[in-house]
Amino acid sequence: MKKNWWKALAVFILTYVILQGLLGVVPRQPILNESIRNVYFHVPLWFSMIVLLLTSAVYSIRYLRSGRLDDDLVAVEFANSAILFGLLGCLTGSIWANFTWGEPWPNDPKLNSVAVGMLMYLAYLILRGSFDDEQRRARISAVYNIFAFAVFVPLIFIVPRLTDSLHPGNGGNPAFGKYDMDNRIRMVFYPAVIGFTLLGVWITELRVRYRRLKAALDD
């Protein structure tokens, strides 16, 4: 139980976030109205995704330094969890965009950059399936994973700021924190980031344990 305290914490935090997200009091803003509740889900999913992708890149670096296939295994499973969170982030963002902007995926630099970034990581998974030799697959995938993260971060955080964008925090459009991120939202938003990140680590741990057991049985 002592080793699994963080799992109980994840369940507690996410239960709190879901209840507050559905039933808690939120600021009343023009256009956004009740849809601002999505800030507890859409944004934390993306923040958690970035943490998971960073961890994946770190394990890819560890593999290149050590040559241990287990590091490559952990790297790809963190990437898998991150892609899942990214797809959920796109889904929740599309629902939000449909209510606030009138269509689920407008021609917006931020959204288009996100789409390119997600395709890069889907290509990472396809690349891994193109090699039969484990060491060769791990080496090439590790290099790709590191460069993908190095491109992904400026692609979604810097490029959209250089042009006009509907998305808050980009292209001169102020982020939520500048005008309506009051303390009520912060008390749910920050725990949501922690909770979803812990959930991503939990999913990854289960996947890694499964892959290790499968490898042991195959041997």
Side-chain angles (χ1 to χ4, degrees), residues 7 10 14 41-95 97 104-105 108-160 193 195-219:
K7 298 177 183 178
L14 290 176
F41 305 101
H42 170 64
V43 184
L45 280 168
W46 273 92
F47 278 24
S48 302
M49 179 198 68
I50 296 298
V51 174
L52 297 174
L53 290 178
L54 172 60
T55 309
S56 176
V58 169
Y59 271 95
S60 287
I61 294 171
R62 287 184 56 174
Y63 166 76
L64 292 176
R65 296 183 63 182
S66 68
R68 294 177 64 248
L69 285 173
D70 192 69
D71 288 332
D72 176 66
L73 169 64
V74 176
V76 70
E77 292 306 337
F78 267 108
N80 280 329
S81 298
I83 290 170
L84 172 63
F85 277 33
L87 293 175
L88 291 174
C90 287
L91 176 62
T92 53
S94 294
I95 295 172
W105 199 282
D108 183 83
K110 178 76 168 185
L111 276 66
N112 293 338
S113 295
V114 163
V116 172
M118 294 304 300
L119 288 174
M120 282 196 315
Y121 274 98
L122 290 174
Y124 166 68
L125 300 182
I126 295 172
L127 175 68
R128 291 187 62 84
S130 303
F131 301 97
D132 294 325
D133 181 79
E134 289 185 337
Q135 290 290 352
R136 187 182 181 194
R137 176 177 62 217
R139 284 195 303 271
I140 295 176
S141 299
V143 173
Y144 182 95
N145 191 26
I146 294 165
F147 279 100
F149 183 76
V151 172
F152 186 75
V153 172
L155 186 64
I156 65 171
F157 287 115
I158 298 176
V159 172
V193 174
F196 279 114
T197 301
L198 291 176
L199 178 62
V201 175
W202 192 352
I203 293 171
T204 304
E205 183 197 48
L206 291 174
R207 290 276 303 171
V208 168
R209 288 170 61 187
Y210 168 76
R211 292 280 301 276
R212 285 171 178 168
L213 286 172
K214 187 174 183 297
L217 290 174
D218 290 342
D219 292 340

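The basis for the numbers below is simple: all heavy atoms, side chains too, and nothing from hydrogens, waters or symmetry mates. For clarity, every value in this text was computed on a predicted model and none was experimentally measured.
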For this session: List the steps and the verdict of side chain to side chain contact (heavy atoms under 4.5 Å, CB included) for S113 and F152.
Result: CA-CA 9 Å; S113 295; F152 186 75; over 6 Å; no

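- With values rounded to the nearest 0.5 angstrom, M49 atom CE is found 9.5 Å from L87 atom CG.
- Shortest non-hydrogen contact noted between V76 and L73 is CG1-O, 3.1 Å.
- The side-chain heavy atoms of T55 and T204, taken from C-beta on, include no pair separated by under 4.5 Å.
- Note that CZ of F47 and CG of L52 are 13.5 Å apart. Values are rounded to the nearest 0.5 Å.
- The CG atom of L125 lies 4.0 Å from the CD1 atom of I83; values are rounded to the nearest 0.5 Å.
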Exercise. I146 and L64: side chain to side chain contact (heavy atoms under 4.5 Å, CB included), yes or no, with the steps?
Worked result: CA-CA 10 Å; I146 294 165; L64 292 176; 3.6 Å; yes

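- Residue F131 qualifies as enclosed at atom CZ: its count of foreign heavy atoms under 6.0 Å is above 12.
- Other residues, nucleotides and ligands contribute more than 12 heavy atoms inside 6.0 Å of the OH atom of Y144.
- One distance of note links SG of C90 with CG of L45; it measures 10.0 Å at 0.5 Å rounding.
- Between N145 and S56, the shortest heavy-atom contact is ND2-OG, 2.8 Å.
- For residues 46-57, no pair satisfies salt bridge (Lys or Arg N to Asp or Glu O under 4.0 Å), with sequence neighbours left out.
- Sparse packing is recorded around CG of D132, with 12 or fewer heavy atoms of other residues, nucleotides or ligands lying under 6.0 Å away.
- For residues 49-63, the salt bridge (Lys or Arg N to Asp or Glu O under 4.0 Å) pairs, not counting sequence neighbours, are R62-D71.
- Here the closest heavy-atom approach between residue W46 and residue G86 is recorded as CZ2-O, 3.9 Å.
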Exercise. What's the verdict on side chain to side chain contact (heavy atoms under 4.5 Å, CB included) for V74 and R212, showing C-alpha distance, side-chain angles and the deciding distance?
Worked result: CA-CA 10 Å; V74 176; R212 285 171 178 168; 3.9 Å; yes

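- Taking both residues in full, the closest heavy atoms of P104 and A97 are given as O-CB, 3.7 Å, listed atom of the first, atom of the second, then distance.
- Residues forming a side chain to side chain contact (heavy atoms under 4.5 Å, CB included) with F149 (at least two apart in sequence, or on another chain): L53, L54, A57, Y121, V153.
- For residues 114-128, every residue pair satisfying the salt bridge (Lys or Arg N to Asp or Glu O under 4.0 Å) rule, not counting sequence neighbours, is listed here: D72-R128.
- Checked against side chain to side chain contact (heavy atoms under 4.5 Å, CB included), R139 has the following partners two or more places apart in sequence or in another chain: Y63, Q135, R136.
- A distance of 11.0 Å separates CD1 of I203 from CG of N80, quoted to the nearest 0.5 Å.
- Ring pair F85/F196 is perpendicular by interplanar angle, where above 60° counts as perpendicular and below 30° as parallel.
- Within the structure, salt bridge (Lys or Arg N to Asp or Glu O under 4.0 Å) pairs that include any residue of residues 75-89 comprise E77-R207, E77-R211 (at least two apart or interchain).
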